[in-house]
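Each remark here refers to the structure printed beneath this line.
Letters go in sequence order (proteins before strands), and every chain restarts at 1.
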2 protein chains.
Amino acid sequence: MAQNTTIKDIARALGISKSTVSRALADRFDVKPETKKAVMEMAEKMHYRPNPFAQNLIKRRTKIIGVVVPEFINSFFARIIIQIQTVFEREGFHVLITQCNESAEAERRNLQLLEESMVEGILISVTEKGRNTDYYKELIGSGIPLVFFNRAATDVAASRVVIDDYKWAFFAVEHLINVRREMGQPMPRIMHFQGPSEIDLSGLRYRGYADALRKHGLPVDSSLVIRCESITREEGFRMMNRCIVQGTVPDALFGFNDQLAIGAMKALKRKGFHVPQQVSVMGFTESQSALVTEPMLSSVAQPLDRMGETAARLLLEKIQNPASENRTVVLEGLLNVRGSSDPKMLDAE
Amino acid sequence: MAQNTTIKDIARALGISKSTVSRALADRFDVKPETKKAVMEMAEKMHYRPNPFAQNLIKRRTKIIGVVVPEFINSFFARIIIQIQTVFEREGFHVLITQCNESAEAERRNLQLLEESMVEGILISVTEKGRNTDYYKELIGSGIPLVFFNRAATDVAASRVVIDDYKWAFFAVEHLINVRREMGQPMPRIMHFQGPSEIDLSGLRYRGYADALRKHGLPVDSSLVIRCESITREEGFRMMNRCIVQGTVPDALFGFNDQLAIGAMKALKRKGFHVPQQVSVMGFTESQSALVTEPMLSSVAQPLDRMGETAARLLLEKIQNPASENRTVVLEGLLNVRGSSDPKMLDAE
DNA sequence: CTGAAAGCGCTAACAT
DNA sequence: ATGTTAGCGCTTTCAG
């Protein structure tokens with residue numbers, strides 16, 4: 001109970017040397033079959049479990065990888081992590097998961113923790129604000145491969161897997177323009193709730209928004225671009241209420257994320273505006289709540305499963321061959337058009 | 001780069017023995033202060049990091065604990081895990097998180113994984129269906145303390161932290177009765193969407209429901225107890241639609257969980273029933289979505305933070321003192337009354 | 001106060 | 001095909 005059985009115990013029990021036991025356990029070719037069998041049986045009988053620490057000490061491999069995410073209560077990262085675990089556990093790795101609650105400081109601590117744990121690689125999605133760029137580089141320099149997923153630090157040489165936020169924001173806005181035009185508004189006023197400036201993605205999605213307007217001959221009106229300080233339902237609610245008071249309610253809204261869009265939608269409905277008849281609303285980053293609102297929220301879905309799997313494979317590649325080139329994989333998104341943006345979709349709900 | 005510095009390197013650099021370095025690093029009292037200082041500085045300079053595997057090998061401690069949850073995409077367990085991590089990381093432990101997607105088999109694999117990792121303790125919330133009771137006992141027997149949280153296996157001697165589901169279901173239903181009576185219905189028909197029979201909690205919450213009815217002189221009508229096969233929005237939607245078709249729409253609904261309640265609410269609204277004016281709806285286990293529905297969903301909130309923290313402390317206690325007694329901590333829930341059950345709350349939204 | 005030596009459990013030359 | 005030996009990086013007697 002207190003003490004686990006070791007190869008030494010097995011060796012003694014069988015009257016052979018511990019190296020033979022070790023070899024037998026490793027299923028080496030140079031062990032007599034019957035010895036092998038005897039060892040296996042004795043190991044089973046004595047409930048032998050190899051001590052991973054002794055093994056690691058010698059093999060200089062920990063078979064542990066680390067994951068750093070900004071948070072995991074929003075299911076977004078949780079879904080990705082599940083795939084990461086699936087891939088790595090199949091390969092015999094353990095996955096150490098850390099979350100930093102969007103704090104760059106905590107992120108740093110987590111990276112330290114992982115480094116001390118001698119992980120063989122790290123998968124990371126960086127925090128909204130602040131970058132530990134120096135640390136990322138240091139880790140890579142010291143031989144611990146890093147792979148970014150979803151949110152990447154741009155100026156670090158590492159593999160990454162992301163979606164093209166610019167492109168999918170563009171498509172989302174294009175959809176809004178089309179749907180409003182179908183409804184007889186040739187020059188719809190499309191508003192954007194922009195994410196905080198600290199988030200790289202805010203800029204990307206804004207550019208997608210602006211370029212979609214330009215392509216379709218609509219002016220990019222700065223009064224229609226609302227800079228949000230946070231990306232919560234409450235903020236969306238507050239901002240849209242302000243628009244209502246100011247009488248600047250648009251024909252359509254493209255939210256930086258679902259939460260902002262949901263808050264805005266609530267404000268609109270509360271004041272008697274009809275969604276989508278009067279205002280089309282569109283989110284980004286398909287959330288659990290998108291299917292709970294009424295009408296259901298249109299959004300851009302990201303292939304979280306593939307993102308997790310791809311990130312895991314990229315890291316595995318780096319671990320198995322440290323000299324392998326860095327790769328950037330851009331995954332496709334998916335426009336989920338639902339009732340909040342398109343009246344035609346209302347029936348289906 | 002390839003090779004980390006070891007105490008041997010430090011010793012050589014300083015011309016002293018590695019045992020002294022070891023002692024200095026451990027801040028032992030029997031080392032000359034200046035030696036200590038010199039070692040510390042050299043360690044810093046050479047970027048010394050102790051090899052945890054060598055340490056573990058000797059100390060026979062891994063400073064790792066494991067967590068097993070049924071899933072973590074629903075934020076429920078994620079919130080608990082965050083607290084667990086907070087407590088244990090403060091104590092210098094690593095937390096290995098595993099999820100088993102509600103599969104008892106996967107749960108068993110996860111437990112094996114953790115056992116092989118030589119965790120010093122395990123925090124577990126068991127799957128809906130099936131129990132690995134034999135394995136739980138085996139682990140405890142072999143000296144790995146187990147602490148249950150939220151969902152516990154009843155017949156295993158271990159510490160646990162739970163909420164009193166019976167009691168809070170009782171309160172929830174009592175609230176529904178009261179609110180309907182205030183609305184002038186002396187004998188309201190309260191329906192219950194019961195969870196699957198494999199889930200222990202289904203029975204507990206049902207009993208709370210039934211006893212609340214009895215206490216208030218209402219009949220327990222089996223036609224008002226709908227057994228659900230899953231606990232999803234879709235199931236709730238389906239079941240309530242069936243009631244609508246059959247003309248058995250009740251005055252109030254107590255759902256086994258929020259998802260069922262949200263699905264039911266959607267079905268009701270879709271068919272023109274007013275919530276809460278015609279039907280009061282109440283969920284359980286406060287979900288993210290509860291605040292997204294309109295009206296917002298009344299629910300029983302569980303103190304997830306405290307649950308995580310308490311579970312962590314109970315396990316820590318067991319690790320530090322294996323002989324300590326098993327304890328059961330029952331946490332209080334919280335009735336969040338919102339617009340879906342009580343018309344008075346609608347204004348506040 | 002410090003060094004030498006043993007050993008944690010395991011693997012991997014090197015022998016035989 | 002098996003045993004002997006050394007050693008991974010660290011801690012901990014045991015001497016001095």
Side-chain angles (χ1 to χ4, degrees), chain A residues 1-40 42-43 46-64 92 115-120 142-143, chain B residues 1-40 42-43 46-64 92 115-120 142-143:
Chain A
M1 212 127 298
Q3 196 69 351
N4 276 321
T5 44
T6 70
I7 52 171
K8 208 165 136 190
D9 299 325
I10 299 178
R12 194 167 30 219
L14 254 38
I16 58 176
S17 83
K18 67 193 180 111
S19 23
T20 304
V21 176
S22 173
R23 275 186 286 246
L25 257 13
D27 201 19
R28 281 291 215 313
F29 65 96
D30 55 353
V31 180
K32 210 185 345 179
E34 46 265 50
T35 316
K36 213 178 263 186
K37 188 151 159 285
V39 169
M40 292 302 195
M42 184 55 77
M46 300 176 78
H47 295 108
Y48 169 75
R49 299 251 176 264
N51 181 324
F53 299 98
Q55 290 181 318
N56 290 334
L57 188 55
I58 244 182
K59 296 209 193 135
R60 346 208 90 253
R61 293 203 58 174
T62 58
K63 283 275 198 176
I64 299 178
E115 189 184 6
E116 281 164 20
S117 309
M118 300 180 61
V119 294
E120 295 187 31
S142 76
Chain B
M1 211 126 296
Q3 195 69 352
N4 277 321
T5 44
T6 71
I7 52 169
K8 209 163 135 191
D9 300 324
I10 300 179
R12 195 169 27 218
L14 255 39
I16 58 178
S17 83
K18 68 192 179 112
S19 18
T20 304
V21 175
S22 174
R23 275 186 286 247
L25 256 15
D27 202 18
R28 281 288 216 318
F29 64 98
D30 56 353
V31 181
K32 207 180 356 173
E34 45 268 48
T35 315
K36 211 177 264 184
K37 189 152 157 283
V39 169
M40 292 302 194
M42 185 55 77
M46 299 177 78
H47 296 105
Y48 170 74
R49 299 252 175 264
N51 182 325
F53 299 97
Q55 289 180 319
N56 289 334
L57 187 55
I58 249 183
K59 296 207 193 136
R60 346 209 87 253
R61 292 202 60 174
T62 60
K63 285 277 201 169
I64 299 178
E115 189 184 6
E116 282 164 19
S117 309
M118 301 181 61
V119 295
E120 295 188 31
S142 76

* Please confirm whether the backbone N or O of A:Asn56 pairs with a side-chain atom of A:Lys63, one donor and one acceptor, at under 3.5 Å? => no

* For the pair made of CG in A:Leu14 and P in D:dA1, what is the distance, rounded to whole Å? -> 17 Å

* Between CZ of B:Phe53 and CG of A:Leu57, what distance do you get to the nearest 0.5 Å? -> 9.0 Å

* Asked: Is the shortest side-chain N/O distance from A:Thr20 to OP1 or OP2 of D:dG3 below 4.0 Å?
  -> yes

* **A:Met46 CE to C:dG9 C1', straight-line distance once rounded to whole Å** => 14 Å

* Asked: Do B:Ile16 and B:Val39 pass the side chain to side chain contact (heavy atoms under 4.5 Å, CB included) test, and can you show the C-alpha distance, the side-chain angles, and the key distance before you say yes or no?
  -> CA-CA 10 Å; B:Ile16 58 178; B:Val39 169; 3.9 Å; yes

* To do: Let me have a per-nucleotide readout for nucleotides 10-16 of chain C, 5' to 3', with B, S or -, counting only protein heavy atoms under 4.0 Å.
  => BBBB---

* Structure fact -> When rounded to the nearest 0.5 Å, the distance separating CE of A:Met40 from CD1 of A:Ile10 is 10.0 Å

* Structure fact -> Winner on side-chain proximity to B:Leu57, out of C:dC8, D:dT2, C:dC1, is C:dC8

* To do: Starting at atom CZ of A:Arg60, determine the distance to atom P of D:dG7, rounded to an integer number of angstrom.
  => 14 Å

* Structure fact -> Rounded to whole Å, the CD-C1' distance (A:Glu34 to D:dA1) equals 10 Å

* **Rounded distance in Å - CD1 (A:Ile10) to P (D:dT2)** => 15 Å

* To do: Output yes when a side-chain donor or acceptor of A:Thr6 lies under 3.5 Å from a complementary backbone atom of A:Lys8, and no otherwise.
  => yes

* Distance in Å, A:Gln55 CD paired with A:Ser22 OG, rounded so as to fall on 0.5 Å steps -> 8.5 Å

* A:Lys18 NZ to A:Leu25 CG distance, which is reported to the nearest 0.5 Å -> 13.0 Å

* **Estimated bend of the helix from C:dC1-D:dG16 to C:dT16-D:dA1 (axis per five terminal pairs, rounded to 10 degrees)** => 50°

* Structure fact -> Between CG of B:Asp30 and C1' of C:dG3 the distance, given in whole Å, is 12 Å

* To do: Would you check if A:Val21 and A:Leu14 make a side-chain contact, meaning some heavy-atom pair closer than 4.5 Å?
  => no

* Euclidean distance, atom CG of residue A:Asn56 to atom P of C:dG9 [Å, nearest integer] -> 15 Å

* To do: Whole angstrom is fine here: how far is it from CZ in A:Phe29 over to P in D:dT2?
  => 13 Å

* Would you say the side-chain atoms of B:Glu116 pair up with the backbone N or O of A:Arg49, donor to acceptor, closer than 3.5 Å? -> no

